[in-house]
There are 2 protein chains.
Amino acid sequence: MIDKTPSERRYEKTRQGILDAARSLLQEGGVEAVSMRSLAEKVDYSPAALYKYFSNKEEIIEALRQEAWELMANFEPDMPPGLSMAEMFVLSGQNYVKFATRYPEYYLLVMSTTETGPESMEEFKQMPSFINLLQFTEAAIGSGQFILPEGYTPTHFALLAWFVVHGISLLKLSMMSKCADEFETASFEVLNMIQEIIGRD
Amino acid sequence: MIDKTPSERRYEKTRQGILDAARSLLQEGGVEAVSMRSLAEKVDYSPAALYKYFSNKEEIIEALRQEAWELMANFEPDMPPGLSMAEMFVLSGQNYVKFATRYPEYYLLVMSTTETGPESMEEFKQMPSFINLLQFTEAAIGSGQFILPEGYTPTHFALLAWFVVHGISLLKLSMMSKCADEFETASFEVLNMIQEIIGRD
DNA sequence: GCAAGGAAGTGAACGGTGTTCACAAAACAA
DNA sequence: TTGTTTTGTGAACACCGTTCACTTCCTTGC
C-alpha cells in the first residue's frame, strides 16, 4: 500500500468535487447542461483549471458514463419470495424500464456511446450484465419453465428480452415521451404477453 | 390553382437548395455537421441570409426529419410472392433494421424527437406506419397463422414487433456499432425465433 | 421611365461552446 | 532562502446559433 501525499489527496478530492458538480448538472439539465464553464462556476474554479484534472470534457462525461453503468447494473428490483421464473422475468424487465425512467440522463448517457461498446459478440456475452440475464434464462429454460423452439439457445431469448426492454426504454424517453405513462402500461402488458408465450407448451 | 410569381418560385428554389445542402451535410457527418455557417458556406450565402428562409435551425432539422420519416415509411422490402405471414414478418423486421443501417443519420433524426411524438396511445395507434403494422398482425392472427395467448390483442403483438426492431436498430447504431455485422446476424436469428414462437400451436 | 417601397442579402456583433497557452501564485524541495 | 514544480488564471482562438442595422436589388404603381 503506497500512502498518498497530502497533495495527492487534495488532487483526488477536487477531482471528485468536479465529478460531483458534473453529476449534479447532468441530473438537473441533461448532458447538454454540462459545460466546462458552468462546471467551473459550480466548483469555483476557472474553466482552464479543469484541464489540470481532466484532459478534456469527454473524459468527464466518460467518468459519469461509467458511474451510470454501475448504478444501472446494481439497480435490482425487490423480488418477493416465491415468484415463478415468468414473474421474475416480467419484474426484471419492468425494473429496467423503471431505471430509464428514473434516471433518464444516466440511461441516455450509457446508450449514447459508440466508442465503449464490445468489439465482438463474444466479448459482449462476457459482460457481467448480460451474463446475469443469460444465467437467468438458462435456469428458466433448463427447468422447463420457458420453452424455446428447436435450434434456439438461451442466448437468443436473452437477446430478445434485451431488445425489448431497450426498445421500450428508448421509445419512452424519445418518441413516446408525451404519453409516457400510457405507453408504459401498454409496454408492460407486452412484457406479460412474452412471458405467457414463452411459458406455454 | 394559384400560379406563383417568379419571385415566389425563386424563393422556393433557394429554400429547397438550402434543404438539399442540409441533407448532404447530414448524410456526410451526422446531425452535428449541420451548422448554420457550414450550411451558408455550402449554398454561397451569409449565415444571416438563411434566416430569411427558415426561422431557426430547428426548423431546418425538422424539415429533414419529415423527409426521413417519409423515406422510412416508403422503405419497403422486396416481397417475393408466395411468402407466409411468418416469413413476411421476419423480412419486414429485417428491412426496418436495414433502413437504420443504410441511413443511420435519418433514423437517429427520426428517433431523436421528444417534441413530435403522439400525445396519447390512441393518437399513436392512428399513425399510418403503425396502422400498417397492425393490419398485418391482424391478418396474421385472424387467419390463424399467428397465435396469441388469451387476453392479448394484435396491438400487443404489433407493439412487441415494434419494440424489438427499434431495440435492435438503436443498439446496432450505438452500443453494438463496433460489431454491427455480427450483431445483425444474431438479431435476425432472434426475429426468426419470434416468428417460430408465435406461429407454433 | 421613374420613384417609392418592400424583399433579399450582408457584416458585425452578442452571448454561448470547448480548448490552449503564456503567465502568476502558491506549495514544495533543497 | 532559493529554486522548482504544482496549481490556477485571463485572455485568446475557433467554433456555434441568432439578431439587427444597413445596403442592394427587384417589383409595383404612376
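All chains are named by letter (A, B, ...) in the order of the sequence lines, taking the proteins before the strands, and each is independently numbered beginning at 1. Just so it is clear, the structure is predicted and the values come from calculations on it, not from any experiment.
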In whole angstrom, what separates Tyr51(B)'s OH from dC16(D)'s P? 11 Å

From C-beta outward on Lys52(B), which listed nucleotide comes closest to its side chain: dT18(D), dA8(C), dT19(C)? dA8(C)

Roughly how many Å is it from CZ in Arg9(A) to P in dT7(D), rounded to a whole number? 14 Å

To the nearest Å, how far apart are Glu59(A) CD and dT19(C) P? 10 Å

For dG11(C), does either OP1 or OP2 sit under 4.0 Å from a side-chain N or O belonging to Ser46(B)? no

State whether the side chain of Ser187(B) and the backbone N or O of Phe183(B) hold a donor-acceptor pair below 3.5 Å, judged by distance alone. yes

For the pair made of CD1 in Ile18(A) and C1' in dT7(D), what is the distance, rounded to whole Å? 12 Å

Mind checking Phe54(A) for me? I need base, sugar-phosphate or nothing, with any heavy atom below 4.0 Å counting as a touch. nothing

Would a distance-only check, ignoring hydrogens and angles, find a side-chain to backbone donor-acceptor pair under 3.5 Å from Lys172(A) to Gly167(A)? no

For atom NZ of Lys13(B) and atom P of dA8(C), their distance in whole Å: 15 Å

With a 3.5 Å cut-off and just heavy-atom distances, do the side chain of Lys57(B) and the base of dG17(D) make a donor-acceptor pair? no

Taken to the nearest whole Å, CG/Leu39(A) to P/dT9(D) is 13 Å

Determine the contact category for Tyr11(B): base if any of its heavy atoms lies under 4.0 Å from a base atom, sugar-phosphate if only primed atoms, P, OP1 or OP2 are that close, otherwise nothing. sugar-phosphate

Applying a 4.0 Å non-hydrogen cut-off, can you work out what Tyr45(A) is touching in the nucleic acid: base, sugar-phosphate, or nothing? sugar-phosphate

How about Tyr96(A) and His166(A): are their ring centroids closer than 6.0 Å? yes

Atom CD of Glu32(B) to atom P of dG18(C): distance rounded to whole Å? 13 Å

Under-3.5 Å donor-acceptor pair between Arg37(A) side chain and dG16(C) base: no

Ser38(B) or Leu50(A): which one's nearest nucleotide on DNA chain D is closer to the 5' end? Leu50(A)

Establish, yes or no, whether a centroid distance under 6.0 Å links the rings of Phe99(A) and Tyr106(A). no

Nearest-angstrom distance from the residue atom CE of Met36(A) to P of dG15(C): 23 Å

Reckon Tyr53(B) has a side-chain N or O less than 4.0 Å from the OP1 or OP2 of dG9(C)? yes

Minimum heavy-atom distance between Met193(B) and Leu148(A), given as atom pair plus value: SD-CG, 4.1 Å

Among the nucleotides dT20(C), dA8(C), dT7(D), which one has an atom lying closest to any side-chain atom of Ala48(A)? dT20(C)

Picking from dT19(C), dT19(D), dA27(C), the nucleotide nearest the side-chain atoms of Arg10(A) would be dA27(C)

